[in-house]
Engineer: 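Have a look at this one before I ask anything.
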Amino acid sequence: MATPSSQLIIANYKKALPLLRIPFSVYLMPVYWFALSALRGPFSSGRAVAVFVVLHLLAYPASNGYNSWFDRDEGSIGGLERPPQVTPELWRLVVLFDGLAVLGALLISPAFAGLLMVYLLVSKAYSYDRIRLKKYPLVSTLVVVVFQGAFTFLMTQVGAGATRAEIGSADNLLLATVSSLFLCGSYPLTQVYQHQEDRQRGDQTLSLLLGVRGTFVFAGLGLLTGALVLGYAYLRRGELPFLAVFAVATLPVVGLFARWAWQAWHDPAAADFRHTMRMNQVSSLCLSAAFILMFILQQRGLPV
């Protein structure tokens, strides 16, 4: 039978757990499926599953929790409209998830573990108060689009056991660049509803620098550039059906973005938490569905 003190400890951990924002990690899932869909050569399906678990259930939540520890948000944050108060239990959970992520990565491969540790250290520099890359709009944007985009794309393939030749091929590196271009377009949108809180905390984010209208213009140009480069990459690889799959799957995303941009252009209040989360949800699910279908077609050897 649990004692009152143990019940209190469990209750405190339950309150801290939401700040890891594990469901929010689904928004980063398209990069994982994109990386796997790009592989033509053999890889380990078991290792690929393990990579997913390490990234989405351990590493990303640890980074989210670490960010919350230093931000102490009182307003809405990604995945949480009303975040709970930060407690010491959050720090213990961050350490636990970090440790489990590194241990899990080591069981997959030393190379993957090394890359993951670099990712975790960079994500901490983003939030850590004595470095806090988040304060610098251009530097923080560059760090996010590189490490959550191309770096994670290639790290996923390394973890899955793809060959060095395939990972380092020109076509594959071009697709990795596309993942960063998409991040470059979508990243400022995740900041557009936090202008007041970021300003109060002294964080000069890219979205705050651009303003509401500038954020949507920048996002539109970034996403369009990513789509054009992706089309070129698929043409180089002779994968025209993949381009068709991508175009159909992203129609809802384009429609939703255009409607939201129009609303926010005329009323900045529309650039709020709920619109942002809806955009993240729809784009993540649509892109993931597209890349999963491409992955299945590739694995079954269907003509592409």
Side-chain angles (χ1 to χ4, degrees), residues 20-64 97-120 122-123 146-180 182-183 230 233-234 237 239 241-242 245-246 249 283-304:
L20 298 182
R21 293 178 278 159
I22 295 175
F24 187 69
S25 296
V26 74
Y27 300 149
L28 299 176
M29 192 168 60
V31 176
Y32 170 86
W33 289 113
F34 187 25
L36 293 186
S37 73
L39 294 178
R40 290 174 165 175
F43 65 93
S44 168
S45 57
R47 283 176 55 166
V49 172
V51 168
F52 182 91
V53 172
V54 167
L55 289 179
H56 294 84
L57 301 184
L58 297 172
Y60 294 158
S63 294
N64 292 336
F97 275 61
D98 267 339
L100 291 175
V102 173
L103 177 60
L106 283 169
L107 293 175
I108 295 171
S109 81
F112 176 67
L115 293 172
L116 180 72
M117 285 189 280
V118 171
Y119 178 91
L120 291 173
V122 170
S123 72
V146 169
F147 281 90
Q148 289 190 359
F151 187 88
T152 298
F153 181 100
L154 299 173
M155 177 171 60
T156 297
Q157 295 178 334
V158 169
T163 65
R164 290 186 180 182
E166 182 170 21
I167 293 172
S169 68
D171 284 349
N172 192 64
L173 293 177
L174 183 60
L175 290 175
T177 302
V178 168
S179 67
S180 282
F182 282 140
L183 258 297
L230 178 64
Y234 283 151
R237 290 162 59 100
E239 295 173 339
F242 282 9
V245 169
F246 177 82
S283 61
S284 174
L285 293 175
C286 287
L287 287 172
S288 292
F291 294 134
I292 289 171
L293 179 56
M294 295 177 199
F295 173 71
I296 293 172
L297 292 174
Q298 191 77 274
Q299 294 306 301
R300 292 189 175 181
L302 299 179
V304 294

Engineer: Measure the CG-OG distance between Leu175 and Ser37 for me, rounded to the nearest 0.5 Å.
Structural biologist: 7.5 Å
Engineer: Given the rule in the side-chain contact (heavy atoms from CB on, under 4.5 Å) test, do Leu230 and Phe242 qualify, once you have shown the distances and angles that lead to the verdict?
Structural biologist: CA-CA 10 Å; Leu230 178 64; Phe242 282 9; over 6 Å; no
Engineer: Do Phe97 and Tyr60 touch side chain to side chain, with heavy atoms closer than 4.5 Å?
Structural biologist: no
Engineer: Name all pairs fulfilling the salt bridge (charged side-chain N to carboxylate O under 4.0 Å, His left out) condition that reach into residues 149-158, sequence neighbours left out, sorted by first residue then second.
Structural biologist: none
Engineer: Looking at CG of Leu36 and CZ of Phe43, how far apart are the two atoms once the value is rounded to the nearest 0.5 Å?
Structural biologist: 5.5 Å
Engineer: State, to 0.1 Å, how close Val31 and Leu183 come at their nearest heavy-atom pair, and which atoms those are.
Structural biologist: CG2-CD2, 4.1 Å
Engineer: When rounded to the nearest 0.5 angstrom, what distance separates CE in Met155 from CG in Leu55?
Structural biologist: 5.0 Å
Engineer: Measure from the ring center of Phe291 to the ring center of Phe34 and say whether it is less than 6.0 Å.
Structural biologist: yes
Engineer: Between Leu173 and Gly168, which heavy-atom pair has the shortest distance, and what is it?
Structural biologist: CD1-O, 3.6 Å
Engineer: Hey, can you tell me if Phe52 and His56 have their rings parallel, tilted or perpendicular (30° and 60° cut-offs)?
Structural biologist: parallel
Engineer: Can you name the nearest heavy-atom pair linking Ser288 to Met29, along with the distance?
Structural biologist: OG-CE, 3.5 Å
Engineer: Minimum heavy-atom separation for Ala101 and Leu116, please, with both atom names.
Structural biologist: O-CD2, 3.4 Å
Engineer: Nearest 0.5 Å, please: how far is CD1 in Ile22 from CG in Asn64?
Structural biologist: 9.0 Å
Engineer: How many angstroms lie between atom CZ of Phe147 and atom OG of Ser180, to the nearest 0.5 angstrom?
Structural biologist: 10.0 Å
Engineer: Closest approach of Trp33 and Ile292, non-hydrogen atoms and distance?
Structural biologist: CD2-CG1, 3.4 Å
Engineer: Can you confirm whether Asn172 sits close enough to Phe153 that some side-chain heavy atom of one is under 4.5 Å from a side-chain heavy atom of the other?
Structural biologist: yes
Engineer: Can you tell me how far CZ of Phe112 sits from CD of Gln157, rounded to the nearest 0.5 angstrom?
Structural biologist: 12.0 Å
Engineer: Any chance you could lay out the side-chain contact (heavy atoms from CB on, under 4.5 Å) test for Leu39 and Gln298, step after step, and finish with the verdict?
Structural biologist: CA-CA 8 Å; Leu39 294 178; Gln298 191 77 274; over 6 Å; no
Engineer: Going by salt bridge (charged side-chain N to carboxylate O under 4.0 Å, His left out), name the pairs with one or both residues in residues 31-50, residues two or more places apart or in two chains.
Structural biologist: Arg40-Glu239
Engineer: What's the verdict on side-chain contact (heavy atoms from CB on, under 4.5 Å) for Phe151 and Val122, showing C-alpha distance, side-chain angles and the deciding distance?
Structural biologist: CA-CA 11 Å; Phe151 187 88; Val122 170; over 6 Å; no
Engineer: Mark yes or no for whether Tyr32, through its side chain, and Ala48, through its backbone, hold a donor-acceptor pair below 3.5 Å.
Structural biologist: yes
Engineer: Please list, chain by chain and in numerical order, all residues satisfying side-chain hydrogen bond (donor to acceptor under 3.5 Å, both in side chains) with Ser123, sequence neighbours excluded.
Structural biologist: Ser63
Engineer: If only atom types and distance count, is the side chain of Ser109 paired as donor or acceptor with the main-chain N or O of Gly159 below 3.5 Å?
Structural biologist: no
Engineer: Considering non-hydrogen atoms only, spot the tightest contact between Arg237 and Ala38 and give its length.
Structural biologist: NH2-O, 2.8 Å
